[in-house]
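A quick write-up on the structure given underneath.
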Amino acid sequence: TLFRSLEPDGSLEPLSQYAHLMPDVAAARSSLKAAEFALKAAKGGLLPTIGLTAAYGTYYSDAAMAGFKDQLDGNRNPSISLSIAVPLFNAGKASAAVARARADLRASEARLQQAESEALSDILEAERQCACLGEQLKAAEAAARMSRLRQKYATAEYENGAITTSEWTDACQDRAQSECELVQASCKYLFQLKIMEFFKDGIEAEKE
């Protein structure tokens, strides 16, 4: 039957347990990780920094006074320096950067929660619609079978003169109406299955 040809197979199992793998949720999770790294970097601005510099040269200021090798052999000038920078005057700016990073982190956490909630809601609604339209399709198919039988019997009775032309026409019209409703129910259910496949494709992409 048409319903069986459209009926979802085992690959379209309930997807609500995979809501956290939806692309929007994955994107929000990536933004949250970026905000966490940004906060760590901002906190680093409050710490002192240490710099180590090493140099090796000669005391000669004019290379014409001696050959380069003689300069290095008799006039070596090695040096090394250690520097520590403490963010005293920059403390206000660094603290503000940390505060902004914390606010961005909280906003990212809120966006992730919202994305997870919306993804779960969308999937549950899609599953509910799919189940509802599947039941409607079953009912439409059953009604179409009954209308076909009624028309068959009405045609036999009409040929035997048991019913009037008007009654036979009514049976034919009922058959046409039920077939139309079956086609509509089938199209709606097929469209909903495509929506479920869209969710499934997005989830499979995130799994990979």
Side-chain angles (χ1 to χ4, degrees), residues 8-63 66-131 191-208:
D9 55 18
S11 62
L12 284 174
E13 75 275 7
L15 301 177
S16 55
Q17 57 182 324
Y18 302 116
H20 64 285
L21 294 177
M22 289 297 294
D24 290 345
V25 178
R29 190 178 296 110
S30 297
S31 297
L32 177 59
K33 290 182 179 179
E36 291 173 349
F37 288 131
L39 178 57
K40 291 180 180 179
K43 287 181 177 179
L46 297 174
L47 302 176
T49 58
I50 300 176
L52 180 63
T53 304
Y56 191 87
T58 175
Y59 287 110
Y60 282 102
S61 61
D62 188 356
F68 183 69
K69 184 176 185 303
D70 294 334
Q71 294 181 42
L72 294 182
D73 289 340
N75 298 278
R76 296 184 181 92
N77 181 23
S79 64
I80 185 169
S81 63
L82 180 68
S83 62
I84 300 177
V86 181
L88 296 177
F89 298 102
N90 192 33
K93 184 184 295 185
S95 298
V98 171
R100 286 194 301 270
R102 284 175 176 167
D104 292 340
L105 178 60
R106 288 192 294 269
S108 296
E109 291 172 344
R111 284 193 295 269
L112 176 58
Q113 292 178 355
Q114 181 179 1
E116 289 177 338
S117 177
E118 291 177 352
L120 179 60
S121 177
D122 291 343
I123 291 178
L124 290 176
E125 178 62 19
E127 290 177 343
R128 187 191 69 80
Q129 287 288 341
C130 192
F191 179 74
Q192 191 63 31
L193 286 183
K194 291 299 181 182
I195 294 178
M196 295 299 294
E197 290 177 359
F198 169 77
F199 282 120
K200 181 174 178 289
D201 291 342
I203 289 172
E204 291 297 333
E206 290 301 323
K207 285 182 179 179
E208 295 175 359

Distance from Gln114 atom CD to Ser117 atom OG, nearest 0.5 Å? 8.0 Å

Considering residues at least two apart in sequence or located in another chain, which fulfil the side chain to side chain contact (heavy atoms under 4.5 Å, CB included) criterion with Gln192? Ala126, Gln129, Cys130, Leu133, Ile195

Could you measure the distance from the OG atom of Ser95 to the CZ atom of Arg100? Nearest 0.5 Å is fine. 10.5 Å

Under-4.0 Å salt bridge between Arg128 and Glu125: yes

With no hydrogens and no angle check, is any side-chain donor or acceptor of Ser108 less than 3.5 Å from a backbone partner on Asp104? yes

Side-chain donor-acceptor distances from residues 32-46 under 3.5 Å, at least two apart:
none

